[in-house]
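Worksheet: the structure to be examined is printed underneath.
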Amino acid sequence: AQSVTQPDIHITVSEGASLELRCNYSYGATPYLFWYVQSPGQGLQLLLKYFSGDTLVQGIKGFEAEFKRSQSSFNLRKPSVHWSDAAEYFCAVGGDNDYKLSFGAGTTVTVRA
Amino acid sequence: EPEVTQTPSHQVTQMGQEVILRCVPISNHLYFYWYRQILGQKVEFLVSFYNNEISEKSEIFDDQFSVERPDGSNFTLKIRSTKLEDSAMYFCASHTLPAKNIQYFGAGTRLSVL
């Protein structure tokens with residue numbers, strides 16, 4: 001069965017500081033991995049995705065994530081956060097023949113001035 | 001940019017009542033999904049729909065739930081007799097091929113069952 005664990009429920013970071021959100025997955029075949037962001041009152045917006053190839057993927061809003069098969073991880077990073085990055089972040093896994101997504105519980109990011 | 005639209009944004013209903021949640025997926029998309037998120041819990045898959053039939057459903061999606069694409073643009077989720085535990089945020093998503101599995105999500109409908 002596929003599953004995703006986001007160990008951090010809530011992270012507070014200062015504006016301008018770096019951010020790393022952790023994601024570990026369990027999937028029986030080659031995983032497709034995603035990070036979505038949800039701002040209050042908004043839908044889930046795709047930040048970035050990994051299907052294959054280069055294990056460091058770039059996304060929108062200055063985010064990047066690194067796929068590490070040996071650690072079953074897909075951590076999200078941003079070098080310098082902006083106040084507008086305050087949101088909830090979801091990691092998700094799916095597959096080539098299994099289109100449904102399994103989500104982690106989400107990490108809420110608070111940005112302090 | 002095209003988007004998935006969900007209505008209403010908030011639905012309040014009495015226990016035992018029927019509710020219909022509506023979604024307008026992106027127009028050229030072929031696969032449609034409903035997910036839900038109970039407050040404080042994970043986003044959970046409910047059902048996927050392709051070629052006018054359910055392709056997969058979760059254990060949550062019991063006989064009280066049904067989905068329909070009545071007119072080629074709308075995609076609806078019906079809960080026949082709502083329970084308190086159906087209170088959640090319901091998300092609609094859609095995608096096409098060969099965009100692999102990039103699902104585009106709506107803003108959600110918050111269902112409150114009283």
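Each chain gets a letter, A, B and so on, in the order its sequence line appears, and its residues count up from 1.
- Tracing side-chain contacts under 4.5 Å through hydrophobic residues (I, L, V, M, F, W, Y), one never reaches B:Tyr90 starting from B:Tyr31; they form parts of separate clusters.
- The line from NZ of A:Lys100 to CD of B:Gln103 is 11.0 Å long, rounded to the nearest 0.5 Å.
- Within 6.0 Å of CG in B:Asp63 there are 12 or fewer heavy atoms belonging to other residues, nucleotides or ligands.
- Here the CZ-CD distance, from B:Phe45 to A:Gln2, works out to 9.5 Å after rounding to the nearest 0.5 Å.
- In this structure, the portion of B:Gln37 lying under 4.5 Å from any heavy atom of chain A is its side chain and not its backbone.
- Annotation: B:Lys78, atom NZ; neighbour count of heavy atoms from other residues, nucleotides and ligands within 6.0 Å does not exceed 12.
- In the hydrophobic cluster analysis, where Ile, Leu, Val, Met, Phe, Trp and Tyr join through side-chain heavy atoms closer than 4.5 angstrom, B:Phe49 is grouped together with B:Ile79.
- No continuous path of ILVMFWY side-chain contacts below 4.5 Å connects A:Leu44 to B:Leu77, so the two sit in separate hydrophobic clusters.
- Note that CD of A:Gln45 is 12.5 Å distant from CZ of B:Phe105, once rounded to the nearest 0.5 Å.
- Taking a 6.0 Å sphere around CD1 of A:Ile60, one finds it holds more than 12 heavy atoms contributed by other residues, nucleotides or ligands.
- With hydrogens and angles disregarded, no donor-acceptor distance shorter than 3.5 Å links the side chain of B:Glu56 to the backbone of A:Tyr99.
- Residues of residues 79-90 of chain A having a heavy atom under 4.5 Å from any heavy atom of chain B, listed by number: A:Phe90.
- Cluster annotation: A:Val57 and A:Val4 are assigned to the same hydrophobic cluster (Ile/Leu/Val/Met/Phe/Trp/Tyr, side-chain heavy-atom contacts under 4.5 Å, transitive).
- Looking at heavy atoms from C-beta onward, A:Phe103 lies in side-chain contact with B:Tyr35 at the 4.5 angstrom threshold.
- More than 12 heavy-atom neighbours from other residues, nucleotides or ligands sit within 6.0 angstrom of CG on B:Leu114.
- Within a 6.0 Å radius of CD in B:Glu85, other residues, nucleotides and ligands contribute more than 12 heavy atoms.
- Within 6.0 Å of atom NZ in A:Lys78, more than 12 heavy atoms from other residues, nucleotides or ligands are found, so the atom counts as buried in its surroundings.
- With rounding to the nearest 0.5 angstrom, the CZ atom of A:Phe34 is 6.5 Å from the CD1 atom of B:Ile102.
- The NE2 atom of B:His95 sits 8.0 Å away from atom CG of A:Leu101, with the distance rounded to the nearest 0.5 Å.
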